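As structure tokens, the structure follows; a few thoughts come after it.
Here is the naming used below: chain letters follow the sequence lines, and residue numbers restart at 1 for every chain. These numbers were taken from a predicted model, which means no experiment stands behind them.
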Protein chains: 4
Amino acid sequence: MPMTFTVAVAGATGYAGGELLRLLSGHPEVEIGALTAGASAGSSLLSHHQHLITLADREVVATTAENLSGHDVVFLALPHGASAEIAAQLGQDVLVIDAGADHRLIDAEQWRRFYGSEHAGTWPYGLPELPGQRDVLAHTQRVAVPGCYPTAVTLALLPALTAGLVSGADVVAVAASGTSGAGKAAKVNLIGAEVMGSASAYGVGGVHRHVPEMLQNFARLGAATPTISFTPVLAPMARGILATVTAPVPAGVGLAEVRQAYADAYAGEPFVSLLPQGLWPQTQSVLGSNAVHLQVAVDEAAGRLVAVCALDNLTKGTAGGAIQSMNLALGLPETLGLSAVGVAP
Amino acid sequence: MPMTFTVAVAGATGYAGGELLRLLSGHPEVEIGALTAGASAGSSLLSHHQHLITLADREVVATTAENLSGHDVVFLALPHGASAEIAAQLGQDVLVIDAGADHRLIDAEQWRRFYGSEHAGTWPYGLPELPGQRDVLAHTQRVAVPGCYPTAVTLALLPALTAGLVSGADVVAVAASGTSGAGKAAKVNLIGAEVMGSASAYGVGGVHRHVPEMLQNFARLGAATPTISFTPVLAPMARGILATVTAPVPAGVGLAEVRQAYADAYAGEPFVSLLPQGLWPQTQSVLGSNAVHLQVAVDEAAGRLVAVCALDNLTKGTAGGAIQSMNLALGLPETLGLSAVGVAP
Amino acid sequence: MPMTFTVAVAGATGYAGGELLRLLSGHPEVEIGALTAGASAGSSLLSHHQHLITLADREVVATTAENLSGHDVVFLALPHGASAEIAAQLGQDVLVIDAGADHRLIDAEQWRRFYGSEHAGTWPYGLPELPGQRDVLAHTQRVAVPGCYPTAVTLALLPALTAGLVSGADVVAVAASGTSGAGKAAKVNLIGAEVMGSASAYGVGGVHRHVPEMLQNFARLGAATPTISFTPVLAPMARGILATVTAPVPAGVGLAEVRQAYADAYAGEPFVSLLPQGLWPQTQSVLGSNAVHLQVAVDEAAGRLVAVCALDNLTKGTAGGAIQSMNLALGLPETLGLSAVGVAP
Amino acid sequence: MPMTFTVAVAGATGYAGGELLRLLSGHPEVEIGALTAGASAGSSLLSHHQHLITLADREVVATTAENLSGHDVVFLALPHGASAEIAAQLGQDVLVIDAGADHRLIDAEQWRRFYGSEHAGTWPYGLPELPGQRDVLAHTQRVAVPGCYPTAVTLALLPALTAGLVSGADVVAVAASGTSGAGKAAKVNLIGAEVMGSASAYGVGGVHRHVPEMLQNFARLGAATPTISFTPVLAPMARGILATVTAPVPAGVGLAEVRQAYADAYAGEPFVSLLPQGLWPQTQSVLGSNAVHLQVAVDEAAGRLVAVCALDNLTKGTAGGAIQSMNLALGLPETLGLSAVGVAP
């Protein structure tokens, strides 16, 4: 392989595509190649992403295997259901990183239940913070980027699960998300006047497609019979997820023990931080960065551990996580081109 | 009593005071009298509340019993701990409505634990939607206005509790709130650049002062051993609470049964609405109004009922609720001067 | 005519329609009749306007003369070009109030230049604050509601023009507007993630359709050869216009003289206020109300008068202004159903 | 000098200080040394800037010459009036970059008039885009960082001034700014509930302190008798300036000629871009970056050129501009550690 890797982005005009390009344009070891889209093929990239001024001369071409071939890395930022066919046409020597949902779930039945289509198969899961996962990602040509909510909820509970402090049963999570999580879609319910100054719930009652992915992660972390009540809330901000995750904790488990478990679990992590006691995560602090901020409490009266997690849905929750996995798969330093410092205020 | 009631507002320069005055200025049966404050005494009301243009000639005077006496109604919108002394100096023939926390809790021990001061006693609780409470409020000269979060969480679960669908044990609630809920205080962590575009949790782990009030309400609604894990989240909006409240529900309880319970419980309520199926509450829809919007789901896999509730923390959650109780106590139509239609978009 | 007037709203599902219905639902002398729309006919009103909970049982019907006939008042909140045909089919005894642009301009050539279609004729202009206009509106069955920007810019300069302090030449205005001004349209550039946290200009260089209406108003107020450089700016808020309007002022004209002219001009106005010196207009203070807040300065070094004006584009700028004119045309008190107190914070 | 430069930041806890540290933490040739503040000395940096997680172990010390000495570069992000005394105690071999106002103005009389204190002297002006200024900055140990508004207004008009298309007389500028521009101050009028969803003007009528700096720049660019009516507007966003700048343009000057002048003037600039025709600047596109986006129009009817400029007040408008000048003064590549790609959406 060359020292500089050529990279193509399929679905370059959406938010995941735009964030990939923002990060890749500052990555020292990549050269940005083909940028593809569906209906927008033939338009200038700048007309979709006015912030990508350094790519002002680029034009978007059609999402075809032909246009995507010949690159070392191909990112797929496509609607679910569209990745499998394209991926099948790209060689096994190409690193294909799917920022969509198609290859995340192991259980084909769950896929069908939540997505209503045939399962496309399972790829290595791009969450390096999972135990043993860095080794897997270092030797793969295929990566399934985790969903934004599962990233937040999983990282919020990982240390408690691996330390055996919680069982993974009866987890309750409510996550406020910026509206970019709903995609760059021309829908009336997403226009500014509808969402500014307003919070609203959606996908309530266990129907959100990220639920089986969360349970799959809990199981992987040792939960015997995981269950979760998950409610996503649209908050009036462009980016960011603030997940409040609670789980029953046995009497006698105290805050010191819990904090120790979290500190130990994330001791060497470049992007995940347990905040000092007294500070609570805020999405602003991680905006535009790959950072994950965590804080924990033990509510003895309620018998629950409460973990709060902040991350940027477009960065660590999508494009940044994807590039972190790319770095691992290419043998580059894991943090290359990624920042742990958010853009605040 | 006269046909028109004279009303004084103590704490007129804060957000609760401003909202009381906004609503009272449109109320057909009241005449606004003394407006009092602490350090701001002597300043013009308009310099604190530029929206109250119809009261542009008013000056704020000191919060003293002398200034407040001689009115039919006195609203107290004071920091907790300040109401009891003032109230003691106002005659029993004056209707005193405390928008603060001082007289909400029944259990003096809980008061001391959460507020760290001596308990000031318990007044009739200004939540007309509680069974039997309208009769109480119709015959009182003292009202304790509920907290904004307890109003949302209690109304979210009331029908399920009274119908026996949930027990009130292991409730988990996460509520996103506009920043006006934190008061009109000059604090760096509240300034616009810190809160815009950001969500953050606070008061995590059962330490928020509204927790004992929620449990008190659950007990009143029949819960034998209520517990709640409550997490408030600051959302980047000025007003509004969106509460997601979940509770274990026995297997076999279905959505139809739950919806029926909610529809029945709120059938005659002028301000509380179960939305048609498919619509989910959004805070924008209740902004500036006394309306409460609810929607419910049953998550069978998680074994939990999920109720989502939207209200305006300053209106139904404080000043609107206060005026609703005032109307009842004065024998006026309950909805006078209050709207169920929010200011959207 | 009956004591209560029946009112129909054509274009009920858009923002102007929604705001008309919000205000009409609190108006004591109207009964809301037919609600019509184009493609949305057959759907429930609540699915479009979740805040209009008191109209939860209403269904939207097709915008036809048949559906609109039989009412005392018909509001037209339609895209420009659609009003004339409908209006022609409504009897001359029906009060027709066009919230759109079709009947505002006097000069057919200007209409064609800015709108590219045939001129539909000119109706009495619904800005009661113009000298002599209340009499006109009291005796008309047709009203053209002013545009939101022209309302702000005209009221900002009216006293200076009528007092002869400025000539109306070389006016420069920049107006920040909430995104509801762009309508309830499913466009990518309007979705929340695009507009939150961002300000942007549009319609720059004299091409905005409201420019000829502003010049027409200046001329009416005495300007011999009015010119204006007008730039609208989209601000990250749902509602509100803050217009900064500057015009050359002769040397020697001081602030006292200017303030006196503004105070005199708006002395009896129920909705327009010159703020006390030291306070500057903010859109929050007029949100949801029919109020207009003004403040002025004289910049001697620059040789310009600067007037700043805040109003709510949907209320005084559209629906509130429309109802103010309706009240006048029906012989009702001008302020009925309208508030001068904004919803703040 | 060493290959890596040690850098101290005085006023590290404010917004300018935080932004300097965010950028410096990603700059490959600097090592962050002392971080100082006034009243906050002794506290952890993270308690002020939760986003600076990579500096979580840092403590803030007192702003004294002793603490600041021994570094290659010292940034001063202090309230105006505080820089001169500190600077005088730092050796002439130290590169001192003042992000405050103290050393921007040439005319001591103007300084006294607008700031009410004694003039501290004039340092080389840190706006590399001014003709000839890069040479000056390459050979200085003192830099006065331009104000955020003057940066926007000057860059908006520079090509028109240097090409002689406008004279610099009767300029009218209105600039919407994010609230971080008002600083990290605990003031009631800045708290979130006051500023969210609201636009307001301040410093109206030629009294803003940035006015003489703008006129100084216009004069430097050839204006014989520059005047400007400047109105700043607080917009509900944390960051960003959108400046609309208009100036009289002689009849016959067309858009093509104007665009050519702008394209020529900024042809080699790494951070300033004239957008392709049809695209208009939006602050979101430059958020967190050093980019400046421009677009121009000619309004023939009004006889004015209109230039619209977007930049991030904290980055190019303060900290990014400061680091750009630092790079020049240290002989480093001008763009090191700075990005031209904004964080959008």
* Select all residues of residues 189-200 of chain D having any heavy atom within less than 4.5 Å of some heavy atom of chain C, and report them by number, or 'none'. => Ala193(D), Glu194(D), Met196(D), Gly197(D), Ser198(D), Ala199(D), Ser200(D)
* **Toward chain C, the part of Thr227(D) with a non-hydrogen atom under 4.5 Å** => side chain
* To do: Check whether Ala238(D) gets within reach of chain C through its side chain, its backbone, both or neither, counting any heavy atom under 4.5 Å.
  => neither
* Asked: How about Arg112(D): does its CZ atom have over 12 heavy atoms from other parts shown lying under 6.0 Å from it?
  -> yes
* Which bit of Pro281(D) is near chain C, if near means a heavy-atom gap under 4.5 Å: side chain, backbone, both or neither? -> backbone
* Spatial distance of atom CZ (Phe230(C)) from atom OG1 (Thr244(D)) [nearest 0.5 Å] -> 10.5 Å
* Heavy-atom contact with chain D under 4.5 Å, split by part of Ser229(C) -> both
* To do: Output the option from Ala297(C), Ala169(C), Gly205(C) having the highest count of non-hydrogen pairs under 4.5 Å with chain D.
  => Gly205(C)
* Might you confirm whether atom CD of Glu300(C) has over 12 heavy atoms from other residues, nucleotides or ligands at distances under 6.0 Å? => no
* Does the side-chain contact (heavy atoms from CB on, under 4.5 Å) test come out yes or no for Asp170(D) and Asp170(C), once each step is laid out? -> CA-CA 10 Å; Asp170(D) 200 23; Asp170(C) 201 25; 3.0 Å; yes
* Structure fact -> Among Gly178(C), Pro345(C), Gly240(C), Gly303(C), the residue with the most heavy-atom pairs under 4.5 Å to chain D is Pro345(C)
* Of all of Ala176(D), Ala344(D), Pro236(D), which one pairs up most often with chain C through heavy atoms under 4.5 Å apart? -> Pro236(D)
* Structure fact -> Whatever's closer than 4.5 Å to a heavy atom in chain C on Val298(D) counts as backbone
* Measure the CG-CG distance between Leu242(D) and Leu234(C) for me, rounded to the nearest 0.5 Å. => 10.5 Å
* **Residue part contacting chain D, namely of Ala301(C), when any heavy atom lies under 4.5 Å** => backbone
* Could you check if a side-chain atom of Val204(D) sits within less than 4.5 angstrom of a side-chain atom of Gln295(C), using non-hydrogen atoms only? => no
* Structure fact -> Between Thr231(D) and the options Asp299(C), Val306(C), Val245(C), Val174(C), the side-chain contact (heavy atoms from CB on, under 4.5 Å) test singles out Val306(C)
